[in-house]
Amino acid sequence: MVSFHLFLLVIFDFSLLITHFSVILFCMKKNAVFSMYALCALCVLTFSLLSCTKSNQVHSVNENALFTLDYGSFEDELNLFDLAKTGSVRTYMTMRDGFFYIANGEAKKILELNSYGDLLSLYYNDEVLKDVAFASKDSLNSTKKAISYPFSTLGPLALDARKYLYAVDTLPLERQERDVTKRLLLSNVVLRFDSSGKFIDYLGQEGPGGTPFPYVKNIYTTRENELVVICTTNDGLTAYWFSTNGFLLYTVPVTQNTVPKIQREDSSDAPAYISVANIVPDASEKKLYVKVDYYMASLDPQLKVQSGIDYYTTLLCPLNVATGRYSDSLEIPSYEYSITENLTKETYNLPFDFLGVTENGWFFFIVPNEEGFIVQMVQPDGQRIVKRQLSVDHSKILYYTLSLSGNGIISGLFVKNENAEALWWRTDSLLASFINQ
């Protein structure tokens, strides 16, 4: 409907332009002095009309600042004192139903907070965090929960509809294994806690108590309270799909050799380079969405030799986990940016990162830019693509982690010098306005 209205507006604008042009020509015949003013007026009118109809401006989505967390060693503070050291930051966040769950790996604890920043539950390693005020057995009337567990190195989190908490952790060195054939270190497991905070068990590749996973990239839950674990391998990614009770249903390896192939539009025989960038499960169906980035070798037209590798395109490939077959892929537009240097303007294309899928099937992609982030939301059939700017001052950010909820809210935890700030963007309201049109 919006596109049709825009089409009518463009037709009306150009009809009006032609009418003004005809009038000006008539007046120019009658009065030569008028011609200079008429041409100026025509130029101004033309510019104004074209600028209205061809604007490339990306509108912003207002963020809502929710709460801040101080740095320290107390239960409601974050331990992020080692950001200057080499190695990855081990702090992650997810949000579900307005509640925030933060895994602070540096402090070996998990915090559950409401949207005001009030601490509701604390999962902690009592060898690191001692003297938790509300951990006493005498505090039966306390509204806060304190759950002790010997965490090691925490990773991504997920919650299901039952409020079961899933957390990636690393096993001690003596319990880690090696896959010599695939050249993989098997060190990660997924811990399971029920809604009361009671530890259930840990999941490995085969299910409860199974072989440790290779490096876990992310974990997801579905509407059926099933768990999907995405692991990184040397030649792609592997998805492990578990039932509600934690038993393995499917193991789906996705490699460069198994994803759909493409050909260049110019029918060149230049080789393609394929990157299996990410996998996200569907919320309702036994389906995986595989984001694949394709790169092509650029050839020197004179020497006929390879001169480099250029990004070509991105496909989102739906994979049926039961049959192992791909259905029709969806091409995802790239992020285009320009650099001007010495009066020369160069335009480049970059692939978006795959942020996730909402329960109603919208695909979310994101990429950082100078003003913050550009989020690209793609309708399931690809007919509607919506881009919005998320304003963030990167100069003040030391580290950040982003999360997409099932209803389409983007949440972020931004680590700054003075504190860590949690905020969200209500992109769910934006999608609702399009669905109702």
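No hydrogens, no waters, no symmetry mates; every other heavy atom, side chains included, goes into these values.
Shortest non-hydrogen contact noted between Thr233 and Leu184 is CA-CD2, 4.1 Å. Between Leu402 and Leu355, the closest heavy-atom pair is CB-CD1, 4.4 Å. Residues Ala167 and Leu154 approach most closely at CB-CD2, 4.4 Å, considering heavy atoms. Scanning all heavy atoms of the two residues, the minimum distance from Ala420 to Leu413 falls at CB-CD1, 4.1 Å. The shortest non-hydrogen separation linking Ser73 to Leu129 is O-CD1, 3.2 Å. Nearest heavy-atom pair across Tyr326 and Val254 is OH-CG1, 3.7 Å.
A salt bridge does not link Lys109 to Glu75: none of the charged side-chain nitrogens sits closer than 4.0 Å to a carboxylate oxygen.
Side-chain contact between Gln389 and Ile374 is present, with heavy atoms from C-beta onward closer than 4.5 Å. You'll find the side chain of Phe99 reaches within 4.5 Å of the side chain of Asn114, heavy atoms only. Side-chain contact between Glu418 and Thr68: absent, with no pair of heavy atoms (C-beta onward) separated by less than 4.5 Å. Using a 4.5 Å cut-off on side-chain heavy atoms (C-beta onward), Phe365 and Leu316 make contact. By the 4.5 Å heavy-atom criterion applied to side chains, Trp241 and Leu288 are counted as neighbours. No side-chain heavy atom of Met296 sits under 4.5 Å from any side-chain heavy atom of Asp310. In this structure the side chain of Tyr312 reaches within 4.5 angstrom of the side chain of Ile262, judged on heavy atoms. The shortest side-chain heavy-atom distance between Phe354 and Ile332 does not fall under the 4.5 Å cut-off.
Taking the six-membered ring where the residue is Trp, the centroids of Phe67 and Tyr116 are separated by 6.0 Å or more. A distance below 6.0 Å separates the ring centres of Tyr311 and Tyr295.
Surrounding CZ of Phe247 are at most 12 heavy atoms belonging to other residues, nucleotides or ligands under 6.0 Å away. Surrounding NZ of Lys345 are at most 12 heavy atoms belonging to other residues, nucleotides or ligands under 6.0 Å away. Other residues, nucleotides and ligands contribute at most 12 non-hydrogen atoms within 6.0 Å of the CD atom of Glu127. Within 6.0 Å of atom CD in Glu224, 12 or fewer heavy atoms from other residues, nucleotides or ligands are found, so the atom counts as exposed in its surroundings. Atom CG of Asn234 sits in a crowded spot, with more than 12 heavy atoms from other residues, nucleotides or ligands closer than 6.0 Å. Other residues, nucleotides and ligands contribute more than 12 heavy atoms inside 6.0 Å of the CD atom of Glu174.
Residues that satisfy the side chain to side chain donor-acceptor pair (under 3.5 Å) test with Thr344, not counting sequence neighbours, are absent from this structure. A search for side chain to side chain donor-acceptor pair (under 3.5 Å) contacts involving Thr91 returns Asn104, Glu106, not counting sequence neighbours. The salt bridge (charged side-chain N to carboxylate O under 4.0 Å, His left out) check on Arg223 picks up Glu359, with sequence neighbours excluded. In this structure, Gln256 has no side chain to side chain donor-acceptor pair (under 3.5 Å) partners at least two apart in sequence or on a different chain. In this view, Phe213 and Tyr240 satisfy the ring-ring contact (aromatic ring centres under 6.0 Å, His included) rule, not counting sequence neighbours. Qualifying salt bridge (charged side-chain N to carboxylate O under 4.0 Å, His left out) partners for Asp160, counting only residues two or more places apart in sequence or in other chains: Arg162. The salt bridge (charged side-chain N to carboxylate O under 4.0 Å, His left out) check on Asp428 picks up Arg426, with sequence neighbours excluded. Not counting sequence neighbours, Tyr166 has no partner by the ring-ring contact (aromatic ring centres under 6.0 Å, His included) test. Residues that satisfy the ring-ring contact (aromatic ring centres under 6.0 Å, His included) test with Tyr215, not counting sequence neighbours, are absent from this structure. Listed by chain and residue number, nothing satisfies the ring-ring contact (aromatic ring centres under 6.0 Å, His included) test with Tyr250 (two or more places apart in sequence, or in another chain).
For the atom pair CD1 (Ile219) and CD1 (Ile230), the distance works out to 10.5 Å, reported to the nearest 0.5 Å. Leu203 contributes atom CG, which lies 12.5 Å from atom OG1 of Thr211 (distance to the nearest 0.5 angstrom). With rounding to the nearest 0.5 Å, the separation of CG in Leu80 from CZ in Arg90 is 10.0 Å. In this structure, Leu186 CG and Leu171 CG are separated by 10.0 Å, a value rounded to the nearest 0.5 Å. Taking CG of Leu122 as the start and NZ of Lys144 as the end, the distance is 9.5 Å to the nearest 0.5 Å.
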For this session: Take Thr232 and Leu237, measure what side chain to side chain contact (heavy atoms under 4.5 Å, CB included) needs, and give me the verdict at the end.
Result: CA-CA 5 Å; Thr232 301; Leu237 299 172; 3.7 Å; yes
Exercise. Would Arg325 and Leu319 count as a side chain to side chain contact (heavy atoms under 4.5 Å, CB included) if you check the C-alpha gap in whole Å, the side-chain angles of each, and the deciding distance to 0.1 Å?
Worked result: CA-CA 6 Å; Arg325 296 181 179 179; Leu319 174 61; 5.7 Å; no
Exercise. Phe199 and Tyr123: side chain to side chain contact (heavy atoms under 4.5 Å, CB included), yes or no, with the steps?
Worked result: CA-CA 10 Å; Phe199 175 71; Tyr123 301 76; over 6 Å; no
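The backbone N or O of Pro212 sits less than 3.5 Å from a side-chain atom of Gln205, completing a donor-acceptor pair. Looking at Lys163, its side chain never comes within 3.5 Å of a backbone N or O of Ala161 through a donor-acceptor pair. A donor-acceptor distance shorter than 3.5 angstrom exists from the side chain of Lys261 to the backbone of Asn257, with no hydrogens or angles considered. For Lys217 (side chain) and Ile279 (main-chain N/O), no donor-acceptor pair under 3.5 Å exists by modelled atom type. Between the side chain of Thr221 and the backbone N or O of Leu159, at least one donor-acceptor pair lies under 3.5 Å. For the pair Thr401 (side chain) and Tyr92 (backbone), a donor-acceptor distance under 3.5 Å is absent.
Ring-plane geometry between Tyr400 and His394 is classed as tilted, the angle between the planes lying from 30 to 60 degrees on a 0 to 90 degree scale. Between Trp425 and Phe414, the two ring planes are perpendicular [angle over 60°; tilted spans 30° to 60°]. Aromatic ring pairs are classed by plane angle as parallel below 30°, tilted from 30° to 60° and perpendicular above 60°; the pair Phe151 and Tyr149 is tilted.
Residue pairs meeting the side-chain hydrogen bond (donor to acceptor under 3.5 Å, both in side chains) criterion with at least one partner in residues 176-199, sequence neighbours excluded, are Thr170-Asn188, Arg192-Asp201, Asp194-Ser196. Pairs passing the side-chain hydrogen bond (donor to acceptor under 3.5 Å, both in side chains) check and including a residue from residues 372-381, sequence neighbours excluded, do not occur.
Just one of Phe363, Trp362, Tyr220 meets the ring pair (Phe, Tyr, Trp, His ring centres under 6.0 Å) condition when paired with Tyr289; it is Phe363.
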